[in-house]
Amino acid sequence: MGALHEGHLSLVRKSLSENDLTVVSIFVNPAQFAPHEDLASYPRTLPGDLKLLEAEQVHPATDGPASCEFRTPAAVFVPNVKEMYPSGIVQNVTDQKGTFIEVKGYSHQMEGQTRPTFFRGVATVVTKLFNIIQPTNAYFGQKDIQQAFILKRLVTDLLLSHPSPERLHIVPTARDPKDGLALSSRNLYLTPDGRKVAPTLRQALLAAEQAWKSGSSKEECIAKAKAIVDLNKQKATLEELAVELKLDYIEMNDAKTFDILEPQARRQAEEQVVILSGALYVDKTRLIDNILLGDTTNILG
C-alpha cells in the first residue's frame, strides 16, 4: 500500500532475482479499513516510493555466461480507487455495493478478531490485482502471515492459475537489525519514546517461542509473553517515558486450520506448524508480529 520500506524492497529484490519482469503494485485499499481506522492518515509517499523502486537493481543468477545486465522493476501499477472499485466503495461494509470476496472460516481468527472486515478487503483487492497483472509468481511478507495463508487458500479455492498456489511465495519478515522490530509503514507513527518500547511484542513472542521449544504448554507460553509486556510497561513508567503500551492479543493457532490451540497443548512433531502471533498498541499505533513454530521448509522462501 505504499510508504515503502526495506521490508517491501526485500520482496521486490526477491522477485527481481527470480523473474525476468517484475511489476510492483501500489494502492491504498479503502476496503481494508473499517470506518474508525486510519485510511485518511495512512502514509502516502508515492514520489519517494518511485525513487526507491527506480534505484533497485538486481543482477540475476545465471548458469550461463555472465551477463552485464541488471534487472529493475518493469512497471509500477498505481491504479486509482475508481479503477479498482467501479461500483464505488465506502468503508462501512453494510453500505457497500458490488462484488467482494470472503474466505470463510479463515478470516475471523487472530487479526480478524480486532479487524473483522479486513481480510474481506484484502481478498477482494488482491483478486483484482491478480486478474489485472496475471503474475507467474507473487510475493508476500511473513509479517502479515494470516493474510499470506488466506491468499494461498484463495488462489487454491478459486482455481487461479496466475499465480498458482505453489507460486505464491511467503518471504521472511524484514526486521530492524538492532532490536528486531518488524518493519512496517505504521512505524512512521511512532514517537521517539514509542520507538524505544516498540520491540516489546517481538520480545514477548521470543519468550513464548523459547518456552514452547522447552516443552511448556500453550497456556504457559502465553503467560511468559504477557509477563514480558507487563515488565516493559513497568520499565517505561520507571523511565518516565511518555508512552502507553496496551496488548491486543497474543495467540497460538494451527497453521493449516487457524484453530486456536488448546491451553494444555504442547510441542509435538516438527511437522506441526503453529502460528505464534500478536498485536500491541504503542499509544495509538497498532503493531503486529509473528513467529512460525515448527518446520517452515515448505512455507517460507
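Just so you know, these numbers use all the heavy atoms, side chains as well, and skip hydrogens, waters and symmetry mates.
Partners of Lys143 according to the side-chain contact (heavy atoms from CB on, under 4.5 Å) rule, which considers only residues two or more places apart in sequence or in another chain, are Thr173, Ala182, Ser184, Ile288. The ring-ring contact (aromatic ring centres under 6.0 Å, His included) test applied to Phe27 returns no partner, not counting sequence neighbours.
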Taking it one step at a time, do Asn137 and Glu18 satisfy side chain to side chain donor-acceptor pair (under 3.5 Å)?
CA-CA 9 Å; Asn137 294 288; Glu18 298 180 351; 5.8 Å; no

Arg115/Asp248 under salt bridge (charged side-chain N to carboxylate O under 4.0 Å, His left out): CA gap, chis, key distance, verdict:
CA-CA 11 Å; Arg115 310 182 73 189; Asp248 186 351; over 6 Å; no

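Using cut-offs of 30° and 60° for the angle between ring planes, the His169 and Tyr139 rings count as parallel. Classified by interplanar angle (parallel below 30°, tilted 30° to 60°, perpendicular above 60°), the ring pair Phe149/Phe258 is tilted.
To the nearest 0.5 Å, atom OG1 of residue Thr200 and atom CG of residue Leu247 are 10.0 Å apart. Of the inter-residue distances, the one linking Gln142 atom CD with Asp289 atom CG reads 8.0 Å to the nearest 0.5 angstrom. To the nearest 0.5 angstrom, Leu188 atom CG is 8.5 Å from His5 atom NE2. Distance check, rounded to the nearest 0.5 Å: CD1 of Ile101 to CD1 of Ile150 gives 12.5 Å.
For the 3.5 Å distance criterion, the side chains of Tyr85 and Asn29 qualify, holding a donor opposite an acceptor. Inspection of the Arg13 and Gln57 side chains reveals no N or O donor paired with an N or O acceptor under 3.5 Å.
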Extract all donor-acceptor atom pairs below 3.5 Å that involve side chains of residues 293-301 and protein atoms in other chains or at least two apart in sequence.
from, atom 1, to, atom 2, distance (Å)
Asp295, OD1, Thr297, N, 3.0
Asp295, OD1, Thr297, OG1, 2.5

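Taking a 6.0 Å sphere around CZ of Arg186, one finds it holds more than 12 heavy atoms contributed by other residues, nucleotides or ligands.
For the pair Glu209 and Arg202, the salt-bridge criterion is not met [side-chain N within less than 4.0 Å of a carboxylate O].
The backbone N or O of Lys97 sits nowhere less than 3.5 Å from a side-chain atom of Ser87 that would complete a donor-acceptor pair.
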